[in-house]
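Have a look at the structure below before the remarks.
Note that the coordinates shown come from a computational prediction; the quantities given were computed from them, not determined experimentally. Each residue takes its place number in the sequence, starting with 1.
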Amino acid sequence: MVTLKAGSRPPWVGLGAAVWVQIASGNAYSFPLYSHSLKSVLGFNQHQLTMLGVANDIGENLGLLPGVVCNKFPPWVVLSIGAFACFLGYGVLWLALSRTLESLPYWLLWFALCVATNSSAWLSTSVLVTNMRNFPLSRGTVAGILKGYGGLSAAVYTEIYTTTLHKSSSELLMFLALGVPLICFTMMYFIRPCTPASGEDSAQHGHFLFTQAASVVLGSYLLTTTILNDIFSLSASISYTFLAAMVLLLMAPLAIPIKMTLNPTNRSKSGILNQPVGSSESMLQGEENADRTEPLLTPSSSTASLGSFHKNDSVSEIDMLLAEGEGAVKKKRRPRRGEDFKFTEALVKVDFWLLFLVYFVGVGSGVTVLNNLAQIGIAQGVHNTTMLLSLFSFCNFLGRLGGGAVSEHFLRSKTIPRTIWMTCTQVIMVITYLLFASALDGTLYAAIALLGICYGVQISIMVPTVSELFGLKHFGIFYNFMSLGNPLGAFLFSGLLAGYVYDNEAAKQQGMNLLNSSASCLGPNCFRLTFLVLAGVCVVGSILSIILTMRIRPVYQMLYSGGSFRLPQNSDH
């Protein structure tokens, strides 16, 4: 049994600490900063480099084990495992890139990168699951904030890379191997399950707005300083001043618990969540207790409140009364969407696989561009990878933060399912990939900005949607299974398609077979076929997203019919 920490401040302290861990968990987004060094120093061709990008994405999203572990152990255990994986994986990569150890085999580097970025899955799962349970009535907002800060991590690493590390790829790998574990061990004490405050706390909305505003200021600041560093040759003192200001902005969410300590207010209305809404304690109870308390008769009031959503129950009330009178054995029923599912129960649901496919198309195609960002820029005559990555990171952040906030607003006011925004952004992604394929002058930055926003929306919408459809009890497993769409898309679209097309085009340009060399490809043809395929895939994803939205709309009408989130009675299964 996990011990809950009571009080109104601890959840906000944990959220402030989670921001730092979420930034650290974005270490996989730093791959474009050192990928060019792997190619030049170690002599890899583009196909080998894209397969390393696949390892980067597999490690980042292979989180089924963290999802299981976070249900059985406290968050500090999950964070410790992630810190060790980060140290081990990036340590091996540093040994290879710095030439401390010569001639490390390619398969070892592939595996080391997979282990290194797998730390992201452990860190992100720990903070996301913990905070979703600490704020169960504001899932979309919390997911948007945490995933938004995760999206900013690329810009944070870029800031460190350009100012402190002087654009040294080997020093960046050393920083990842040592700095990320240090952050984890510093913050793990504050990230713990807490008793959530009730939704009647009027100050909570203001606190969320402050955190969102602070993240927007941080994102704008990172983009501005990156541009200044690119245009002007700044002195070391100015660069370190920029870095110190970034650290202060990262500490902004901690102002909320500090303010609550210095100016305590009357919180008589903000107690522990009552049972119908779903308390943290009930969500964290083991399945053993649930099995012992299965009712013989489903309360009629629950059936009435769910209306047509429960119309498929086949057992009549008379039969149930007779069974009760005769002392019949307890009846188990399958959970309905909105209740707590076991993983095996969700696997047979059409909505589960529709959501997976839609997410796979959105993030799988987007990560293909991210993994090849440096080569895409060079092919179109833009050699500044840090600018491209910072722009993608900032727009990715806007998409994540905005996706969570906008979907939450329209869900509560109009009961519009969150997945409608996945549909809209995938339609925009079709246009964006066609823009990439055209390679018109001056469109690269606009295309990257649009893609970053759409990519961020896909991530921030998936997180609360899967928790609302299949519950919070096993949320860690569901979330990490959905995340497998990212490496699967990277393998199919980046590893098998983009890398192969790029190397073939480079060979044509040089008039010889260069599949075993590190030659660069120039011109729009390097990725044109890849972008056209991605545009077609997103057309299919848009259609699937429309189908999913139509199917789950009754679920959201049931959950948010009163304008605020209301859990159905937990199914006893």
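Val533 is not listed as a side-chain neighbour of Tyr433, based on a closest heavy-atom distance of 4.5 Å or more. Side-chain atoms of Ile23 and Ile183, non-hydrogen and from C-beta on, never get closer than 4.5 Å to each other. Looking at Leu123 and Cys184, their side chains come closer than 4.5 Å, going by heavy atoms from C-beta outward. When side chains are defined from C-beta on, Thr50 does not count as touching Tyr500, because their heavy atoms never get closer than 4.5 Å. Two residues are said to be in side-chain contact when any heavy atoms from C-beta on lie closer than 4.5 Å; Met132 and Val463 meet this criterion. Residues Ser126 and Pro75 form a side-chain contact, since some pair of their non-hydrogen atoms from C-beta on lies under 4.5 Å apart. Within the 4.5 Å cutoff, the side chain of Tyr359 has no heavy atoms near those of the Ile461 side chain. The side-chain heavy atoms of Leu49 and Phe31, taken from C-beta on, include a pair separated by under 4.5 Å.
Listed here is the closest heavy atom pair of Gly404 and Ser407: O-OG, 3.2 Å. The nearest pair of heavy atoms linking Val457 to Gly403 is CG2-CA, 4.4 Å. Across Val361 and Gly541, no two heavy atoms sit closer than the pair CG1-CA, 4.1 Å. Across all their heavy atoms, Lys473 and Asn71 have their closest contact at O-ND2, 3.0 Å. Taking both residues in full, the closest heavy atoms of Ala28 and Ser120 are given as N-OG, 4.0 Å, listed atom of the first, atom of the second, then distance. Taking both residues in full, the closest heavy atoms of Tyr556 and Pro417 are given as CD1-CB, 3.8 Å, listed atom of the first, atom of the second, then distance.
The main-chain N or O of Val127 is never found under 3.5 Å from a side-chain atom of Thr130 such that the two would form a donor-acceptor pair. A donor-acceptor pair under 3.5 Å links the side-chain atoms of Arg133 to the main chain of Leu472, judged by distance alone. Checked by atom type and distance alone, the side chain of Asn27 pairs as donor or acceptor with a backbone atom of Ala24 at under 3.5 Å. Here the side chain of Tyr90 pairs no donor or acceptor atom with the backbone of Thr117 at under 3.5 angstrom. In this structure, the side chain of Asn134 engages the main chain of Arg192 through a donor-acceptor pair within 3.5 Å. A side-chain donor-acceptor contact under 3.5 Å links Gln458 to the backbone of Met422. A donor-acceptor contact shorter than 3.5 Å is absent between the side chain of Gln212 and the backbone of Thr141. Without hydrogens or angle criteria, Ser124 side chain to Ala121 main chain gives no donor-acceptor distance under 3.5 Å. Under a 3.5 Å cut-off, the side chain of Ser545 and the backbone N or O of Ser542 do not form any donor-acceptor pair.
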**Message:** Before you tell me yes or no, could you show the steps for Tyr149 and Ser215 under side-chain contact (heavy atoms from CB on, under 4.5 Å), namely the whole-Å CA-CA distance, both residues' side-chain angles and the distance that decides it to 0.1 Å?
**Reply:** CA-CA 7 Å; Tyr149 273 103; Ser215 65; 3.5 Å; yes
Could you go step by step and tell me if Leu79 and Met187 meet the side-chain contact (heavy atoms from CB on, under 4.5 Å) rule?
CA-CA 9 Å; Leu79 291 173; Met187 297 296 171; over 6 Å; no
>> Does Met429 form a side-chain contact (heavy atoms from CB on, under 4.5 Å) with Leu451? I'd like the steps, not just the answer.
In response: CA-CA 6 Å; Met429 289 174 82; Leu451 183 64; 3.8 Å; yes
Take Asp340 and His474, measure what side-chain contact (heavy atoms from CB on, under 4.5 Å) needs, and give me the verdict at the end. CA-CA 7 Å; Asp340 288 326; His474 302 286; 5.7 Å; no
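Summarising the geometry, atom CE belonging to Met51 is positioned 11.0 Å from atom CG belonging to Asn371; distances are rounded to the nearest 0.5 Å. Distance check: Leu450 CG to Cys454 SG gives 6.0 Å after rounding to the nearest 0.5 Å. Taking CG of Leu411 as the reference point, atom CD1 of Ile416 lies at 8.5 Å (rounded to 0.5 Å). In this structure, CZ on Phe343 lies 5.0 Å from CZ on Phe352, to the nearest 0.5 angstrom. To the nearest 0.5 Å, the span separating CG on Leu544 from CG on Leu548 amounts to 9.0 Å. Of the inter-residue distances, the one linking Ile546 atom CD1 with Cys424 atom SG reads 9.0 Å to the nearest 0.5 angstrom.
Identified under the salt bridge (charged side-chain N to carboxylate O under 4.0 Å, His left out) test for residues 346-366, with sequence neighbours left out: Arg337-Asp351, Asp351-Arg551. Sorted by first and then second residue, the salt bridge (charged side-chain N to carboxylate O under 4.0 Å, His left out) pairs involving residues 414-433 (not counting sequence neighbours) are Glu408-Arg418, Arg418-Glu468.
Trp76 CH2: 12 or fewer foreign heavy atoms inside a 6.0 Å radius. Heavy-atom contacts from other residues, nucleotides or ligands closer than 6.0 Å to CZ of Phe111 number 12 or fewer. Crowding of Phe190 atom CZ: a count of heavy atoms from other residues, nucleotides or ligands under 6.0 Å not exceeding 12.
The aromatic rings of Trp353 and Phe356 stand perpendicular to each other, their planes meeting at an angle above 60°, with 30° marking the opposite boundary. Aromatic ring pairs are classed by plane angle as parallel below 30°, tilted from 30° to 60° and perpendicular above 60°; the pair Phe436 and Phe531 is parallel.
When each of Asn56, Asp57, Val54, Ile58 is paired with Cys114, the side chain to side chain contact (heavy atoms under 4.5 Å, CB included) condition holds for Ile58 and for no other.
By the salt bridge (charged side-chain N to carboxylate O under 4.0 Å, His left out) test, Arg553 is found to be paired with no residue, residues two or more places apart in sequence or in another chain being considered. Trp421 pairs by the ring-ring contact (aromatic ring centres under 6.0 Å, His included) definition with Phe410, not counting sequence neighbours. Evaluation of the side chain to side chain donor-acceptor pair (under 3.5 Å) rule for Ser138 yields Gln204 as partners, not counting sequence neighbours.
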Identify every side-chain donor-acceptor pair in residues 480-498 under 3.5 Å, counting partners at least two apart or on other chains, and give the distances.
residue : atom : partner : partner atom : Å
Asn480  : OD1  : Thr125  : OG1          : 3.2
Asn480  : ND2  : Gly63   : O            : 3.0
Asn480  : ND2  : Thr125  : OG1          : 2.9
Asn480  : ND2  : Gly476  : O            : 2.7
Ser483  : OG   : Tyr479  : O            : 2.9
Asn486  : OD1  : Asn61   : ND2          : 3.4
Asn486  : ND2  : Tyr455  : OH           : 3.2
Ser494  : OG   : Asn372  : ND2          : 3.1

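A ring-centre distance under 6.0 Å is found for Phe135 and Trp12.
Defined by atom type and a distance below 3.5 Å, a donor-acceptor pair is present between the side-chain atoms of Thr549 and Thr419. With 3.5 Å as the limit, one finds no donor-acceptor pair spanning the side chains of Ser393 and Tyr29.
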